[in-house]
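When reading the values below, keep in mind they use all heavy atoms of this one structure, side chains included, and skip hydrogens, waters and symmetry mates. This chain uses plain numbering: 1 for the first residue, then up along the sequence.
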Amino acid sequence: QVQLVESGGGSVQAGGSLRLSCAASGCTGSCNYLGWFRQAPGKGREAVAAIVTGGGTKYYADSMKGRFTISQDNVKNTVALQMNSLKPEDTATYYCAARIPPGRFAGPLSEYTYNYWGQGTQVSVSS
């Protein structure tokens with residue numbers, strides 16, 4: 001059984017940084033992709049970044065490239081999202097996601113690829 005718990009959200013001014021963390025219990029030896037998604041009020045879920053477990057290949061949505069970095073700590077079973085140069089439009093609830101194969105696969109940045117989701121952590125960026 002996989003459980004994902006996000007932490008590290010908060011309020012920050014534009015241009016600032018935050019580091020989110022996701023504790024992925026039950027993922028060891030099972031999850032092949034870990035991802036971060038976000039959702040602003042009244043909008044759909046949007047991909048942020050993803051990482052292939054073990055191999056370390058990383059993927060980023062275009063608007064996040066150069067600003068956000070995803071990483072995995074295999075020992076601690078966590079996945080982090082370092083967010084720099086934050087903008088007001090980054091304000092959203094950020095969710096951690098994991099995939100356990102076999103199952104549908106629509107690419108690393110598709111929400112339909114993932115089987116498990118955390119409850120989310122709020123990020124607010126003010127101008």
Side-chain angles (χ1 to χ4, degrees):
Q1 184 178 2
V2 174
Q3 289 186 310
L4 307 174
V5 181
E6 304 94 336
S7 62
S11 299
V12 65
Q13 287 188 308
S17 300
L18 284 173
R19 185 177 179 86
L20 308 182
S21 183
C22 172
S25 301
C27 256
T28 302
S30 298
C31 301
N32 64 348
Y33 284 88
L34 296 170
W36 284 97
F37 293 77
R38 68 187 186 185
Q39 187 169 20
K43 297 184 178 180
R45 192 158 295 184
E46 176 188 24
V48 176
I51 186 170
V52 179
T53 59
T57 302
K58 301 175 182 179
Y59 305 86
Y60 298 95
D62 288 342
S63 62
M64 287 72 170
K65 291 181 179 178
R67 298 193 301 126
F68 293 5
T69 302
I70 188 171
S71 61
Q72 181 188 20
D73 187 327
N74 292 325
V75 176
K76 296 181 179 180
N77 295 316
T78 59
V79 59
L81 182 70
Q82 178 66 45
M83 305 186 294
N84 299 323
S85 301
L86 284 164
K87 306 173 182 179
E89 50 262 46
D90 294 320
T91 296
T93 301
Y94 283 70
Y95 298 90
C96 179
R99 175 179 185 265
I100 296 180
R104 59 183 177 179
F105 183 81
L109 296 177
S110 171
E111 64 180 298
Y112 301 108
T113 291
Y114 298 86
N115 312 107
Y116 300 93
W117 296 84
Q119 293 299 305
T121 185
Q122 180 66 40
V123 172
S124 298
V125 184
S126 60
S127 61

If Ile, Leu, Val, Met, Phe, Trp and Tyr residues are connected whenever their side-chain heavy atoms lie under 4.5 Å apart, and connections chain through other members, are [X] and [Y] in the same group?
X	Y	value
Leu81	Leu18	yes
Trp36	Leu109	no
Ile70	Leu4	no

Going by heavy atoms in the side chains, are [X] and [Y] under 4.5 Å from each other?
X	Y	value
Val123	Leu20	yes
Met83	Tyr94	yes
Tyr33	Phe105	yes
Val52	Pro108	no
Tyr60	Arg67	no

Handout entry: Identified side chain to side chain donor-acceptor pair (under 3.5 Å) partner of Thr93 from the options Gln122, Glu6, Gln39
Key =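 Only match with Thr93 under side chain to side chain donor-acceptor pair (under 3.5 Å): Gln122.
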Between the main-chain N or O of [Y] and the side-chain N or O of [X], is there a donor-acceptor pair closer than 3.5 Å?
X	Y	value
Thr121	Ser7	no
Ser124	Thr91	no
Lys58	Thr69	no

Testing the basics here: between [X] and [Y], what is the closest heavy-atom pair and its distance to 0.1 Å?
X	Y	answer
Pro88	Ser127	CG-CB, 4.0 Å
Val12	Leu86	CG1-CD1, 3.5 Å
Ser21	Thr78	OG-CB, 4.2 Å

Exercise for the section: Using side chain to side chain contact (heavy atoms under 4.5 Å, CB included) as the criterion, list what pairs up with Arg19, not counting sequence neighbours. Expected result: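 Partners of Arg19 under the side chain to side chain contact (heavy atoms under 4.5 Å, CB included) test: Ser71, Ala80, Gln82.
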Practice task
State plainly whether the residues Asp90 and Lys87 are in salt-bridge range, i.e. N to O under 4.0 Å.
Solution key: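 Not counted as a salt bridge, because no side-chain N and carboxylate O are separated by less than 4.0 Å.
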Exercise for the section: Walk me through it: do Tyr114 and Phe37 pass the test side chain to side chain contact (heavy atoms under 4.5 Å, CB included)? Expected result: CA-CA 11 Å; Tyr114 298 86; Phe37 293 77; 3.6 Å; yes
Exercise for the section: Would you please test Asn32 and Thr53 for side chain to side chain donor-acceptor pair (under 3.5 Å) and show each step? Expected result: CA-CA 5 Å; Asn32 64 348; Thr53 59; 5.9 Å; no
Practice task
Taking salt bridge (charged side-chain N to carboxylate O under 4.0 Å, His left out) as the test, write out the residues that go with Glu46, two or more places apart.
Solution key: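 Here the qualifying residues are Arg38.
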To the nearest 0.5 Å, what is the distance between [atom1] on [X] and [atom2] on [Y]?
X	Y	atom1	atom2	value
Cys22	Asp73	SG	CG	12.5 Å
Tyr116	Cys31	OH	SG	8.0 Å
Leu34	Arg99	CG	CZ	11.5 Å

Exercise for the section: Report the relative orientation of the aromatic rings in Trp117 and Tyr95; use parallel for angles under 30°, tilted for 30 to 60°, perpendicular for over 60°. Expected result: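 Correct class here is perpendicular.
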Problem - Exceeds 12 heavy-atom contacts within 6.0 angstrom, atom CD of Glu89 - result: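 Correct, the count exceeds 12.
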Problem - More than 12 heavy atoms of other groups within 6.0 Å of Lys76 NZ - result: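 Count not over threshold, so no.
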Exercise for the section: Output the rest of the hydrophobic cluster of Tyr112: all Ile, Leu, Val, Met, Phe, Trp and Tyr residues reachable through side-chain heavy-atom contacts under 4.5 Å, sorted by chain and number. Expected result: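 Once heavy-atom contacts under 4.5 Å are chained together, Tyr112 still belongs with nothing else.
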Problem - side chain to side chain contact (heavy atoms under 4.5 Å, CB included) evaluation trace for Cys27 with Asn77 - result: CA-CA 7 Å; Cys27 256; Asn77 295 316; 6.0 Å; no
